[in-house]
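For reference, the structure is listed below as structure tokens.
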Amino acid sequence: MVKLIDGKAIAAKLETRVARGVAELATQQRLVPGLAVVLVGADPASLVYVNRKLVKTKAVGMRSIEHRLPAETCETELISLIHALNQDADIHGILVQLPLPRTINANRVLDTIEPTKDVDGFHPVNVGRLSTGTGGLTPCTPLGCMMLLDTVVSDFRGMQAVVIGMSNIVGKPVAMLLLERGCTVTVTHILTRNLSEITRTADIVVVAAGSPGLVRGDWIKPGAVVIDVGINRVIDADGKSQLVGDTRTEELGHAAATTPVPGGVGPMTIACLLSNTLEAARVSAAMHHGAKVAADMTSAA
Ligand code: NAD
């Protein structure tokens with residue numbers, strides 16, 4: 001029987017650790033991490049995600065500051081808001097919920113976020129840091145995938161990993177993280193030929209394609225680990241709406257472990273957002289402390 005990796009339980013543990021870190025910052029530095037969440041328009045899925053993020057942020061003791069803007073908001077207005085949040089010392093993390101309305105260039109908006117407050121890890125500085133292995137803030141879903149893999153893989157070195165999907169928010173960053181850990185990584189996409197032959201060589205498969213049931217049992221070699229990032233809403237045989245992933249979990253009996261949908265990668269994404277916000281607040285506190293020490297030394301000299 002394939003082991004189902006319990007993302008809900010692992011995310012809950014991470015949230016408990018984050019809550020402890022938030023409490024420590026409050027007592028030691030008198031600092032409460034603040035996360036600004038910016039939502040433009042009223043996309044129903046985005047509303048659900050943003051509400052979930054706000055509830056969880058408060059639950060771990062952080063401040064969450066919500067900016068809900070009308071769908072007609074223009075790019076210049078949105079960029080002005082980001083500039084103001086960049087300057088606000090009480091804000092440690094800035095999250096712009098995607099997708100943005102088509103009239104707004106999302107890249108230009110994301111590039112405006114101060115990299116040390118970019119808790120989604122999408123700013124080119126953080127993307128560069130990830131690809132050079134030099135720290136920075138890591139995108140939440142890929143970070144969550146690695147934490148789930150860490151519960152079943154003790155040594156990644158030399159393993160064959162296949163990533164299905166090459167988006168900037170999941171596929172590419174997860175490939176970078178696997179590479180950093182010593183895997184030999186193959187990144188595949190919609191134009192890849194003979195995908196099933198490639199996945200059959202893998203010790204680890206991470207699928208983020210958004211294609212329900214794409215990965216069949218015979219695509220996976222015995223003993224491999226499969227991380228299913230896909231979230232797809234489908235109508236089942238009884239006409240009921242259902243969430244499914246990109247794999248056919250029922251065909252994965254011969255795999256070592258896999259993640260359920262829902263309850264696998266999904267809960268990790270929000271937990272990692274909280275963890276990144278705590279990290280950003282810690283870095284801000286350390287920078288503030290460093291600047292104060294330097295100022296004290298200058299005035300004493
Ligand atoms: P995307 O549409 O930006 O990218 C999809 C990628 O998959 C592309 O590179 C495309 O070439 C590839 N692809 C699509 N169909 C394919 C196929 N048949 N064979 C091979 N490659 C194929 O999507 P995304 O934003 O990366 O999201 C992917 C999936 O992950 C979606 O279902 C999304 O809802 C889900 N997702 C989940 C979380 C989470 O928290 N669990 C977070 C982000 C995305």
Side-chain angles (χ1 to χ4, degrees), residues 4-12 14-15 37 43-53 56 95-100 102 106-107 110 119-122 127 130 138-149 161-178 185-202 205-216 218-220 226-234 241-249 258-276:
L4 281 181
I5 305 170
D6 186 348
K8 260 192 193 167
I10 297 163
L14 176 57
E15 284 163 21
V37 179
D43 173 63
S46 293
L47 280 169
V48 172
Y49 290 141
V50 162
N51 283 336
R52 242 181 247 164
K53 287 169 188 172
K56 291 275 185 186
L95 180 147
V96 177
Q97 183 64 42
L98 300 177
L100 287 168
R102 263 187 242 137
N107 285 336
L110 297 178
V119 283
D120 258 339
F122 296 156
V127 176
L130 178 63
T138 305
C140 304
T141 303
L143 191 56
C145 290
M146 294 309 294
M147 287 181 184
L148 295 179
L149 279 168
V162 171
V163 178
I164 308 178
M166 52 164 286
S167 72
N168 289 335
I169 64 168
V170 191
K172 285 182 197 160
V174 91
M176 286 297 170
L177 291 168
L178 288 162
V185 184
T186 306
V187 183
T188 66
H189 47 78
I190 191 79
L191 301 177
T192 299
R193 298 196 188 115
N194 306 324
L195 182 54
S196 59
E197 279 173 32
I198 299 170
T199 56
R200 269 195 284 273
T201 66
V205 175
V206 179
V207 53
S211 177
L214 173 71
V215 177
R216 315 275 322 223
D218 64 356
W219 288 33
I220 300 300
V226 182
I227 301 292
D228 189 349
V229 185
I231 301 179
N232 310 287
R233 193 161 282 285
V234 295
S241 166
Q242 218 191 333
L243 278 188
V244 299
D246 287 351
T247 60
R248 303 192 188 209
T249 316
T258 189
T259 54
V261 176
V265 177
M268 292 304 291
T269 298
I270 296 187
C272 288
L273 169 71
L274 302 174
S275 170
N276 275 354

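These numbers were taken from a predicted model, which means no experiment stands behind them. Indexing begins at 1, ligand by ligand and atom by atom, following the structure's order.
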Heavy-atom pairs closer than 4.0 Å: do any link ligand 1 to the side chain of [X], the backbone, both, or neither?
X	value
Ile169	side chain
Thr188	neither
Asn232	side chain

Shortest protein heavy-atom distance from [atom], along with the residue and atom involved:
atom	result
atom 18 (N) of ligand 1	Leu214 CD1, 3.6 Å
atom 43 (C) of ligand 1	Val170 CG2, 3.8 Å
atom 37 (C) of ligand 1	Val229 O, 3.2 Å
atom 40 (O) of ligand 1	Thr269 OG1, 2.7 Å
atom 24 (P) of ligand 1	Ser167 OG, 3.7 Å
atom 14 (C) of ligand 1	Ala209 O, 3.4 Å

Taking the non-hydrogen atoms of [X], is any one of them nearer than 4.0 angstrom to ligand 1?
X	answer
Gly266	yes
Thr141	yes
Thr192	no

For this session: Return the set of residues passing side-chain hydrogen bond (donor to acceptor under 3.5 Å, both in side chains) with Thr141 (not counting sequence neighbours), or none when no residue passes.
Result: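 Checked Thr141 against side-chain hydrogen bond (donor to acceptor under 3.5 Å, both in side chains); matches are Thr269.
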Mind checking whether [X] has an N or O less than 3.5 Å away from an N or O of ligand 1?
X	value
Gly171	no
Ile190	yes
Met166	yes
Ser211	no

For this session: Have a look at Thr192 and tell me which of Asn194, Ile190, Leu195 forms a side-chain contact (heavy atoms from CB on, under 4.5 Å) with it.
Result: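 The option that passes is Leu195.
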Exercise. Heavy-atom distance from atom 34 (O) of ligand 1 to the protein below 4.0 Å?
Worked result: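 Yes, at least one protein heavy atom sits under 4.0 Å from atom 34 (O) of ligand 1.
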Exercise. Between Val187 and Lys172, is any pair of side-chain heavy atoms under 4.5 Å apart?
Worked result: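 No, every pair of side-chain atoms sits at 4.5 Å or beyond.
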Problem set entry | Rounded distance [0.5 Å steps], CG in Leu243 versus CZ in Arg233 |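 Nearest 0.5 Å value for the CG-CZ distance: 4.0 Å.
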Problem set entry | Qualifying residues under side chain to side chain contact (heavy atoms under 4.5 Å, CB included), relative to Ala209, sequence neighbours excluded |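 Partners of Ala209 by the side chain to side chain contact (heavy atoms under 4.5 Å, CB included) criterion, ordered by chain and then number, come out as Ile164, Val207, Ser211, Leu214, Asp246.
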Exercise. Which heavy-atom pair separates Gly210 from Pro212 by the least distance, and what is that distance?
Worked result: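 Gly210 and Pro212 have their closest heavy atoms at O-CD, 3.9 Å.
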Exercise. So which of Cys272, Gly210, Gly245, Gly165 gets nearest to atom 6 (C) of ligand 1, if we judge by its closest heavy atom?
Worked result: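 Among Cys272, Gly210, Gly245, Gly165, the closest heavy atom to atom 6 (C) of ligand 1 belongs to Gly165.
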